[in-house]
Trainee: 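First the structure, then my questions, so here it is.
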Amino acid sequence: MSKKFRAAVLFGLLLLTAGCSRQKSKPMLEYMPNMAHSPAVKAQERPMFLPATGTVPRDWEAYPYGPGDTLKAAAELVNPLPPTLEVLEAGRKSFNTFCIVCHGPKGDGRGYIIPKFPQPPSLLTDRVRNWPDGRIFHNISRGQQTMPDYAFQLDPAQRWAVVNYVRVLQRAARPTAADLALMKRLGIDFSEDEPDTSTPKLWPER
Ligand code: HEC
């Protein structure tokens, strides 16, 4: 074997092994390629079609009240949705998707994320019961302190549906005499899972 040939073989081996080690870090088979090559535009990358400056979705309307306009929003906004079964079902769906983690299934502030996230105040207090619908709507649209806003996740109709559902939770927490009579007549007993209407310790009645 000539020296030249030996060197060439060695070089070839080197190349191969280098190839091998590269193979290791980049497998031939891609598991879930959609995640590796997502269609999302990466930072510094130009998307194929940039929407014209100032473009908004077709039926998008700017929410006119700023974070500091709470009382104005509360006084002016009128709930356009009657509490039909359909609306309440939609409200429950959105509440159980976006609010439940913090506020809990009953709205008492005992969500699954608590106490990793600071416990929110109960939505069953007289404070929130006495708020006009518009104030709860504003709260969802603009957030409040550590609570983020849900203006992008929920369109206005979905937010009003959530407001109506919060009213359901409040009614369920303190049923009227008529509600109790009806439940008795229908043989319904919710006493096992009656929500705790007391304000959590962290949140004295304000
Ligand atoms: C990440 C946790 C979190 C989520 C999710 C969340 N909230 Fe809140 N919410 C809070 C906290 C914390 C407060 C108290 C904020 C403050 O005043 O410091 C609050 C306050 C409120 C209040 C005012 C209560 C009061 O007495 O001041 C309402 C009403 C409310 N949330 C409704 C909702 C609704 C409806 C949703 C779903 C669309 C929702 N929240 C989602 C954490 C959350």
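When a ligand or atom number is given, it counts from 1 through the structure's own listing order. Reckoned from all heavy atoms, side chains included, excluding hydrogens, waters and symmetry mates.
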Trainee: Would you check, one step at a time, whether the test side-chain contact (heavy atoms from CB on, under 4.5 Å) holds for Leu124 with Arg129?
Mentor: CA-CA 7 Å; Leu124 312 173; Arg129 285 163 66 95; 5.7 Å; no
Trainee: Which ligand 1 atoms does Val162 reach within 4.0 Å, using its non-hydrogen atoms?
Mentor: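 By the 4.0 Å cutoff, the relevant atoms are 35 (C).
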Trainee: With a cut-off of 4.0 Å, which atoms of ligand 1 are near a heavy atom of Thr146?
Mentor: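 Counting atoms of ligand 1 from 1, those under 4.0 Å from Thr146 are 12 (C).
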Trainee: Answer yes or no: does an N/O atom from Gln144 fall short of 3.5 Å to an N/O atom of ligand 1?
Mentor: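 Yes; the residue has a nitrogen or oxygen that sits under 3.5 Å from a nitrogen or oxygen of the ligand.
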Trainee: What part of Pro121, side chain, backbone, both or neither, has a heavy atom within less than 4.0 angstrom of ligand 1?
Mentor: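 Only the side chain of Pro121 comes within reach of ligand 1.
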Trainee: Arg127 heavy atoms, cut-off 4.0 Å: which ligand 1 atoms fall inside?
Mentor: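 Those qualifying, in numeric order: 25 (C), 26 (O), 27 (O).
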Trainee: Ion pair present between Asp133 and Arg159, side-chain N to carboxylate O less than 4.0 angstrom?
Mentor: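 No.
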Trainee: Go through ligand 1 atom by atom and flag the ones less than 4.0 Å from a non-hydrogen atom of Leu123.
Mentor: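 Counting from 1, the qualifying ligand atoms are 22 (C), 28 (C), 29 (C), 30 (C), 32 (C).
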Trainee: Do Lys106 and Asp108 sit within salt-bridge range, that is, some charged N less than 4.0 Å from a carboxylate O?
Mentor: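 Between Asp108 and Lys106 there is no salt bridge, as every charged N stays at least 4.0 Å from the carboxylate O atoms.
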Trainee: Any nitrogen or oxygen of Thr125 lying under 3.5 Å from a nitrogen or oxygen in ligand 1? Just yes or no.
Mentor: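 It does not: no N or O of Thr125 is found under 3.5 Å from an N or O of ligand 1.
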Trainee: Could you pull out the atom name of the N/O/S atom in His103 that is nearest atom 8 (Fe) of ligand 1?
Mentor: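 When I compare the N, O and S atoms of His103, NE2 is nearest to atom 8 (Fe) of ligand 1.
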Trainee: Which ligand 1 atoms, with their elements, are less than 4.0 angstrom from a heavy-atom of Ile140?
Mentor: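 The list of qualifying atoms is 35 (C), 38 (C).
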Trainee: Decide yes or no on side-chain contact (heavy atoms from CB on, under 4.5 Å) for Trp160 and Leu77, but give the supporting numbers first.
Mentor: CA-CA 10 Å; Trp160 283 118; Leu77 288 170; 4.0 Å; yes
Trainee: Judged on heavy-atom distance to atom 36 (C) of ligand 1, which of Pro120, Cys102, Cys99, Pro148 sits nearest?
Mentor: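 Looking at heavy atoms only, Cys99 sits closest to atom 36 (C) of ligand 1.
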Trainee: Check this for me: does any side-chain nitrogen of one of Lys93 and Glu89 sit under 4.0 Å from a carboxylate oxygen of the other?
Mentor: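 Between Glu89 and Lys93 there is no salt bridge, as every charged N stays at least 4.0 Å from the carboxylate O atoms.
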Trainee: Got a donor-acceptor contact below 3.5 angstrom from the Asp155 side chain to the Gln158 backbone?
Mentor: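 Yes.
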Trainee: Closest by any non-hydrogen atom to atom 42 (C) of ligand 1: pick that one out of Gln158, Gln145, Met147, His138.
Mentor: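 Of the listed residues, Met147 has the closest heavy atom.
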Trainee: I need the contact type for Val163 against ligand 1. Using non-hydrogen atoms and a strict under-4.0 Å cut-off, is it side chain, backbone, both or neither?
Mentor: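 Looking at Val163 and ligand 1, no heavy atom falls under 4.0 Å.
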Trainee: Would you check if the side chain of Asp179 reaches a backbone N or O of Thr176 as a donor-acceptor pair within less than 3.5 Å?
Mentor: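 Between the backbone of Thr176 and the side chain of Asp179 there is a qualifying donor-acceptor contact (under 3.5 Å).
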Trainee: Would you say Asn164's side chain and Leu81's backbone share a donor-acceptor pair under 3.5 angstrom?
Mentor: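 Yes.
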Trainee: Run the side-chain contact (heavy atoms from CB on, under 4.5 Å) test on Tyr65 and Thr70 for me, step by step, so that the C-alpha distance in whole Å, both residues' side-chain angles and the decisive distance to 0.1 Å come before the verdict.
Mentor: CA-CA 8 Å; Tyr65 301 97; Thr70 308; over 6 Å; no
Trainee: Between Ile113 and ligand 1, find which residue part has any heavy-atom pair under 4.0 Å and reply side chain, backbone, both or neither.
Mentor: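 Contact part for Ile113 vs ligand 1: neither.
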